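Each remark here refers to the structure printed beneath this line.
Everything numeric in this text was worked out from a predicted model, so none of it was measured. Computed from heavy atoms alone, side chains included, the values below leave out hydrogens, waters and symmetry copies. So you know, we letter chains A, B, ... as the sequences are listed, proteins then strands, and number each from 1.
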Amino acid sequence: MEEQIKGGISAALKALYNHDLAAEDIALQPTRKEFEGTYTFVTFPFARFSKKNPEETGNEIGEYIVENTSVVSDFNTVKGFLNISISESSQIESFSEMFNGADLSASPIFEQAPTGKTVVVEYSSPNTNKPLHLGHLRNNFLGNSVSRILKAAGNDVHKVQIINDRGIHICKSMLAWLRFGEGETPDSSGLKGDHLVGKYYVAFDKEYKKEIAQLVSEGISQEDAEKQAPILLEAQEMLKKWEAKDPEVYALWEKMNGWVYAGFNATYQKMGVDFDQLYYESDTYLIGRDRVLEGLEKGVFFKKEDGSIWVDLTDEGLDEKLLLRKDGTSVYMTQDIGTALMRFDDYPGLSQLIYTVGNEQEYHFKVLFLILKKLGYEWASSCYHLSYGMVDLPSGKMKSREGTVVDADDLMQEMASTAKTRTEELGKIDGFTPEQAEELYEMLGLGAIKYFLLKVDPRKRMLFNPEESIEFQGNTGPFIQYTHARISSILRKAEQLGVSLVDIQFNEIGQVDQMEKDLIHALGQYSEKLTLAANTYSPAIIAQYVYDLAKDYNRFYAELSIFNESDKTLQQFRVALSALTAETIKVCMGLLGINVPDRM
RNA sequence: GGCCUCGUAGUUCAAUGGAUAGAAUAGAAGUUUCCUAAACUUUAGAUCUAGGUUCGAUUCCUAGCGAGGCUACCA
């Protein structure tokens, strides 16, 4: 329908002013509520071709498209804005094309042509020395949702993560556990493995700070003290032993990482995210190291007097960057080079590699992509850093070491329990078994968090106030879930009453209400919203869209009765409209990784 | 210091350069003999400042003010 209007305008411009503008280059926007019409075309830019004022230009184009297209019934021009009204019959017709009888999921609105592209999306990628927190939730939900969106848009998508299972941070937890742990295990303590290991990471930091304070009191400068604290030196020693595969250190490392993985897996399962392939830094860092040494031979990198290896990026307006320490051990960058190589080996013909990583690492990725390019890999240009903003607390940034974090497990637990309280208050659990009720609470709690984190533009940093729990009313996940439950209830009743959805005589529908027109229009927007969301890697587009759709439905629901409608064809039409709305809500929420209930 | 983001109702978020800047929440006032009131309706409330480009600027450019991030032989 939109295409027909654009085509009509394009033809009008040609016929009236001999101006060439392809239909797909014409921008239509939704007409503002206070004006009559569905689409609005801005005529200001065309006044210079028509040699008339924008209003007259609009009138001329309006007259032309009313006469020459079948869908436009009327128009009005206000200043330079041509408001186009769609005829009622073509709106009903466009719905009948969208509505595919009872097989809703096969509706043409959800069809997307395959792009033939393979895309790898990396997300999560935690360090294995502490449990996941709210920031990881944003990362996981974003990466997972972007994967689903890209898949729905016709791409072959693979979800991966790199597990940062080596490095000084792990050694810190290990060392603290050896020193203070007294053999404590997840079994003996009842703590989840990742939480147990995180506890020793904090313990390390406490001891480290104590030693620094001690050194400073002995007259050593703060800076030097930070470098010389015995416990830090010991951790560094441990990392060297690990790289040398010292059996004792290696066994401890495997044991503690095992605890963490068990904990992470439980958390991922709760979150409803998963991965097609896992990469471990302990596997990739050596590949990276070899490439760095190769690059050194080729003269891409250089060695400093102390033996450390660097890349010079001053030509690019950046700094010099360390790639291998003087003791030969790897840094973050080293392993990332190896990881990228492995990915392009594992996925031949890969069109794009997307890294879902916080915006604090923008510099890192800029440097990484430049290094890959310098090493001569042409695919370097298909790497993309999906950079998202941090989740801040009212007190500022979250810091694991200082304990100012919102723990992922706790938050999910808390939200499910809030959902339970709310549901019980509203007295809506009649007929639920205890298991079904539990399932509902988790679905609602998780829906609330996911929607809360995904409705915001990923690029922007956002605020989370733990004092105010995430809302269940208004622009929230549960609001949309509720709308779906309401429609499900309608559909159950329709089935009981034997309202058929397969033989609707759309041409017999006389008049439809504005609420119904709005819904039809909203449903027709799914495809363009999906495309936009895929192109901009923004689940927020989908969140905004599905919220608007749910709002449109609730207005329709409040104003128009379905089962009291005496015109049976109109009744069928309204049930069909409800059914396709429910399906679209389900699909969109699915893109966000959120499940919707049939009852709540 | 240099580089990169971002400044919109009390608060949390929207707005491919377009009309009288949308929502939600908190505030005020309503709507249950009728399909689920986690809903609906009404109401009040905002573009950091100063310039510039444009028919038109929240959006683009310059300067200032403010917030955050990066600038590690941490990851």
Side-chain angles (χ1 to χ4, degrees), chain A residues 27 29 31-35 40 42-45 47-48 53-54 78-81 83 125-127 129 164 166-170 172 227 236 281 304 306 308-310 317-319 321-327 329-333 335-336 358-364 366 387 389-390 392 396-397 419 422-423 425-426 428 444 452 455-457 459-465 468 471-476 478-483 485-494 497 532 536 540 543-544 547-548 550-551 553-565 574-575 578 599-600:
Chain A
Q29 45 192 297
T31 303
R32 296 181 79 101
K33 268 208 299 278
E34 55 270 37
F35 300 98
T40 293
V42 181
T43 62
F44 289 104
R48 60 197 179 100
N53 72 39
V78 182
K79 290 187 262 180
F81 300 90
N83 301 319
S125 303
N127 293 343
N129 63 329
N164 300 304
R166 50 131 253 139
I168 189 80
H169 53 291
I170 318 288
K172 289 177 181 175
K227 286 180 186 164
Q236 285 168 345
E281 193 181 311
K304 288 199 175 173
D306 65 4
S308 56
I309 297 175
W310 297 69
L318 304 175
D319 283 328
K321 187 85 188 170
L322 177 83
L323 299 177
L324 275 181
R325 295 190 187 99
K326 65 183 171 201
D327 63 9
T329 55
S330 298
V331 291
Y332 183 36
M333 189 63 76
Q335 66 91 10
D336 260 0
N359 62 10
E360 56 191 356
Q361 294 192 35
E362 271 171 15
Y363 183 77
H364 171 80
K366 215 163 159 182
S387 165
M390 299 287 105
D392 287 330
K397 211 184 163 185
R422 293 282 303 165
T423 307
E425 274 170 13
L426 294 167
K428 288 198 174 181
L444 296 180
F452 177 83
K455 74 174 175 183
V456 181
D457 184 335
R459 282 157 273 276
K460 290 195 177 173
R461 63 187 255 259
M462 63 184 295
L463 192 84
F464 175 76
N465 188 348
E468 308 164 7
E471 297 276 349
F472 280 65
Q473 284 171 4
N475 188 356
T476 66
F479 166 80
I480 299 164
Q481 290 169 317
Y482 174 67
T483 308
R486 263 183 151 183
I487 304 178
S488 299
S489 170
I490 292 276
L491 298 179
R492 279 194 297 272
K493 189 160 180 186
L497 296 173
L532 184 61
T536 56
Q544 196 69 39
Y547 171 65
D548 286 337
K551 246 166 87 81
Y553 186 84
N554 279 316
R555 198 171 299 132
F556 160 85
Y557 182 94
E559 296 290 325
L560 302 173
S561 176
I562 293 176
F563 297 111
N564 286 337
E565 175 57 52
R574 285 182 184 162
V575 174
S578 302
R599 288 187 299 160
M600 67 183 271

_Under 4.0 Å from OP1 or OP2 of A38(B): is there any side-chain N or O of K428(A) that close?_
yes
*Please check the phosphate of A19(B) (OP1 and OP2 only) for any side-chain N or O of R32(A) closer than 4.0 Å.*
yes
*Looking only at side-chain N and O atoms, does K455(A) come under 4.0 Å of OP1 or OP2 in U12(B)?*
no
_Short side-chain N/O contact from K79(A) to OP1 or OP2 of U20(B), under 4.0 Å_ = yes
*How about E471(A) and F479(A): do any of their side-chain heavy atoms sit closer than 4.5 Å?*
no
_Just N and O in the side chain of K551(A): are any of them under 4.0 Å from OP1 or OP2 of U41(B)?_
no
*Choosing from A75(B), C34(B), A37(B), which nucleotide comes nearest the side chain of N564(A)?*
C34(B)
_Nearest to the side chain of N164(A), heavy atoms from C-beta on, is which of A19(B), A75(B), A39(B)?_
A75(B)
*Side-chain contact test, heavy atoms from C-beta onward, threshold under 4.5 Å: evaluate it for M600(A) versus T423(A) and give yes or no.*
no
_A57(B) pairs with, by Watson-Crick or G-U criteria that keep both distances under 3.5 Å_ = none
*asked:* Between U47(B) and A57(B), how many Å separate the two P atoms, rounded to a whole number?
replied: 16 Å
_N or O in side chain of K460(A) less than 4.0 angstrom from A14(B) OP1/OP2_ = yes
*Does the side-chain ring of Y557(A) sit on the six-membered ring of the A39(B) base, less than 5.5 Å centre to centre and under 30° in tilt?*
no
*Find the distance between CD1 (I562(A)) and CG (L497(A)) and round it off to the nearest 0.5 Å.*
11.0 Å
*Nucleotide paired to C6(B) in any strand shown, Watson-Crick or G-U, under 3.5 Å*: G66(B)
_Does U36(B) have its OP1 or OP2 closer than 4.0 Å to a side-chain nitrogen or oxygen of S489(A)?_
yes
*Watson-Crick or G-U counterpart of A39(B), or none if no pair lies under 3.5 Å*: U31(B)
_T476(A) vs V42(A), nearer the 5' end of RNA chain B by closest nucleotide_ = V42(A)
*Could you walk me through whether R325(A) and D327(A) pass the salt bridge (Lys or Arg N to Asp or Glu O under 4.0 Å) test, one step at a time?*
CA-CA 5 Å; R325(A) 295 190 187 99; D327(A) 63 9; 5.1 Å; no
*Taking the six-membered ring of W310(A) (Phe, Tyr or Trp), confirm whether the NZ or CZ of K321(A) is under 6.0 Å from its centre and within 45° of its axis.*
no
*Please state the C1' separation for the pair U33(B) and A38(B) - nearest whole angstrom.*
23 Å
*With syn defined as a glycosidic angle within 90° of 0 and anti as everything else, classify U62(B).*
anti
*Write down the partner of C73(B) under the Watson-Crick or G-U wobble criteria, each distance required to be under 3.5 Å.*
none
*Does A38(B) have OP1 or OP2 sitting under 4.0 Å from an N or O in the side chain of Y482(A)?*
yes
_Contact under 4.0 Å: R486(A) side-chain N or O vs A37(B) OP1/OP2_ = yes
*RNA chain B: R325(A) or L560(A), which has the more 5' nearest nucleotide?*
L560(A)
*asked:* Taking the minimum atom-to-atom distance to the side chain of L463(A), which one of U20(B), C13(B), A38(B) wins?
replied: C13(B)
*Mark this stacking check for F81(A) against A19(B) as yes or no, applying ring centres under 5.5 Å and ring planes under 30°.*
yes
*is_close_aromatic(F81(A), F44(A)), centroid dist under 6.0 Å*: yes
